[in-house]
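Lettering of chains follows the sequences in order, A, B, ..., and the numbering in each one begins at 1.
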There are 2 protein chains.
Amino acid sequence: MELKTLRTFVAVAELRNFSAAARRLHTVQPAISRQIAELEEELGVPLLWRSTREVRVTATGEVLLEDARRMLALEVEARERVTRAASGHTGQLRIGYMSSATARFLPTLLQQFSARYPDVHLELFEMTAQQQLEAFARQEIDLGFSRPLPEPETLGLERLSLYQDRLMAVLPRSHPLAGLQRLSLKALAQEAFVLFERGQASGLFDMIISACGEAGYSPRVIRQPAQMQTLISLVASGLGVAIAPACIRFLQSEGCVFIPLHLAPPPIALELHYSRDPLRPTVDAFLKEARQMQVGIKALMELE
Amino acid sequence: MELKTLRTFVAVAELRNFSAAARRLHTVQPAISRQIAELEEELGVPLLWRSTREVRVTATGEVLLEDARRMLALEVEARERVTRAASGHTGQLRIGYMSSATARFLPTLLQQFSARYPDVHLELFEMTAQQQLEAFARQEIDLGFSRPLPEPETLGLERLSLYQDRLMAVLPRSHPLAGLQRLSLKALAQEAFVLFERGQASGLFDMIISACGEAGYSPRVIRQPAQMQTLISLVASGLGVAIAPACIRFLQSEGCVFIPLHLAPPPIALELHYSRDPLRPTVDAFLKEARQMQVGIKALMELE
DNA sequence: TTGATTTATACTTAATTTGTATGAATTGGG
DNA sequence: CCCAATTCATACAAATTAAGTATAAATCAA
């Protein structure tokens, strides 16, 4: 039983005429006769009663007619569903993100995406860069917002840089240097440092250490919190100073001041990673949306 | 899109391996490759992601997979439904009947049929032989229980004789001849006759008239009721006598006696008519059942 | 690096389907 | 009452389509 045969059968049953069905299907009458005969032979059952003047659908034929119509309708529906899925308008999207770096723009981006793709089921997972890597390997997420990963290509990942985050000095509001417009790393040589835990973001950690090294000292690190919010709280309480990406000023940062660094280390990117093998069209749809918003994201994160 | 292609797609998606799918489908791997490639091209969409080491179903492929399985399941169901319909186990059966002639056995026959074919929807229409003819012409009934019809073959009808009904004299219980075991038609020459209306059953009517003619008289017909029950009531009330098929003694016949006729006219058959063109397998199923019960019907109607 | 395994492609061969011509049956009009 | 017209079935040749064979390219494991 093939859909082509069923299309023929439905046409004949509807028109009650082999020749007319042939015309509708852009073929010739003997082709129709054979298809019907073969269908009847395959099922071992008469479906149509025909004389030279009249074609009638048997009771058995009516039963098949119903199911044939269902199958053909299902084919049309399947085409539609496949098309929608392939264009990224339906399906799911599992997103890993670091809240500290994305708090400012991710809600807006997601809202915008959902408005345009309302039938895509979004799943959000807050995770560090390292956790995202593992999640990608286990195929548990489709997109990840994180700091640059080491050699993403070898893991089958593509990347899209969303914006560059400058490093800034974070001082308690009561700190003697808190009023300055600009600060050199050297000026912090004697300070106690609170740095984001190396395990979570080795690139950031090492960059700060080497920048201090270039400024002529090795920083005295007294705490390594695993959360940016903790880091801010520690600085606000006067325990030490920090060097951190500018984005964290959008977290709860009462009691801290953020001062641009003179001769700052190169800015650190926020990247959107995704699998190179395109198993999820929703990813492409999201990327399109993200690329359109990219300018806006940059403006949000860098200006002000 | 053809079911064959979808079967291939489902096999590959399930086995995640083109070669294994080829083996399952008893063909060769290049055939599978081509079918999948053509399906993807037709839909304009990647369904499977494949390397030489791994085959994965894309999100779009998963969507099609669901619908493909539905279609294939529907095909299996359709086959089953068609088979059941063709064997007469499902469907409908519209039956015309004359209650006077069938009251005795039809309920039993229907009950028996329903027990064996519980999913056949029975529709019953009480109608005279003439009405049955018209109903057949309009294709409103599939089976008709009636007296023999004139030239049923020319109307595309087949017939099955169920039993032969003798004609009997029907007299009021108070009638002088009511005590006899046997009666000649001649003995009724002076009686007033109540005969079943000719329009309803011309064969019966004419047979009685000609039988009387052979007995040497023309009966004096004072009433021609259209219902057998009415005829019985008229006789019971003493208005006249009647000649009628033996079967009517199974109606409400208090006050009447039924007496066998000496030199009776040939018995009159009860027939089951049905269309020659087999549009309804339920008809064949019913006929099979009816033929099996035929002996029983004869016994019921003739003995006693 | 080699051997094994897997998918894709090129090409030949086989199978299937179509289209043409024609026959048989039935109906309606002249 | 016959003839033209229409309809479905069948036979056969032609064309299309799909399958099978051989082989290439890629990847992974030993």
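- Listed by residue number, B:Asn17, B:Phe18, B:Ser19 are the residues of residues 5-23 of chain B with a heavy-atom contact under 4.0 Å to DNA chain C.
- Atom-to-atom, CZ of B:Arg56 to P of D:dT27 comes out at 14 Å; the value is rounded to the nearest Å.
- Over its full length, the helix from C:dT1-D:dA30 to C:dG30-D:dC1 turns its helical axis through 20°, comparing axes from the five pairs at each end and rounding to 10°.
- Residue A:Ile36 contributes atom CD1, which lies 14 Å from atom P of D:dT10 at whole-angstrom precision.
- Of the side-chain N and O atoms in A:Ser33, none sit less than 4.0 angstrom from OP1 or OP2 of D:dC8.
- For B:Thr52, there are no side chain to side chain contact (heavy atoms under 4.5 Å, CB included) partners two or more places apart in sequence or in a different chain.
- For A:Asp284, the salt bridge (charged side-chain N to carboxylate O under 4.0 Å, His left out) criterion is met by no residue, not counting sequence neighbours.
- Here salt bridge (Lys or Arg N to Asp or Glu O under 4.0 Å) pairs that include residues 21-38 of chain B, with residues two or more places apart or in two chains, are B:Glu14-B:Arg24.
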Each nucleotide of nucleotides 14-19 of chain D classed B (base within 4.0 Å of a protein heavy atom), S (only sugar-phosphate) or -, in 5' to 3' order, makes ----SB

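- For the pair A:Glu41 CD and C:dT16 P, the computed distance is 13 Å after rounding to whole Å.
- The CD1 atom of B:Ile32 sits 9 Å away from the P atom of D:dG20 (whole-angstrom rounding).
- For B:Glu42, the side-chain hydrogen bond (donor to acceptor under 3.5 Å, both in side chains) partners are A:Arg79, not counting sequence neighbours.
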side-chain contact (heavy atoms from CB on, under 4.5 Å) assessment of B:Val57 paired with B:Leu64: CA-CA 10 Å; B:Val57 183; B:Leu64 181 64; over 6 Å; no

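- Every side chain to side chain contact (heavy atoms under 4.5 Å, CB included) that B:Thr282 has, sequence neighbours left out, goes to B:Leu93, B:Val120, B:Arg280.
- Among residues two or more places apart in sequence or in another chain, the side chain to side chain contact (heavy atoms under 4.5 Å, CB included) test is passed with B:Arg70 by A:Leu74, A:Arg81, B:Glu66, B:Asp67.
- Listed by chain and residue number, A:Glu271 satisfy the side-chain hydrogen bond (donor to acceptor under 3.5 Å, both in side chains) test with A:Ser161 (two or more places apart in sequence, or in another chain).
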Heteroatom pairs (N/O) under 3.5 angstrom, protein to nucleotides 24-26 of chain C:
residue	atom	partner	partner atom	Å
C:dT26	O4'	A:Thr52	OG1	3.0

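- Among residues two or more places apart in sequence or in another chain, the side chain to side chain contact (heavy atoms under 4.5 Å, CB included) test is passed with A:Glu126 by A:Tyr97, A:Ser99.
- Note: CG (B:Leu39) to P (C:dA8) measures 13 Å, nearest angstrom.
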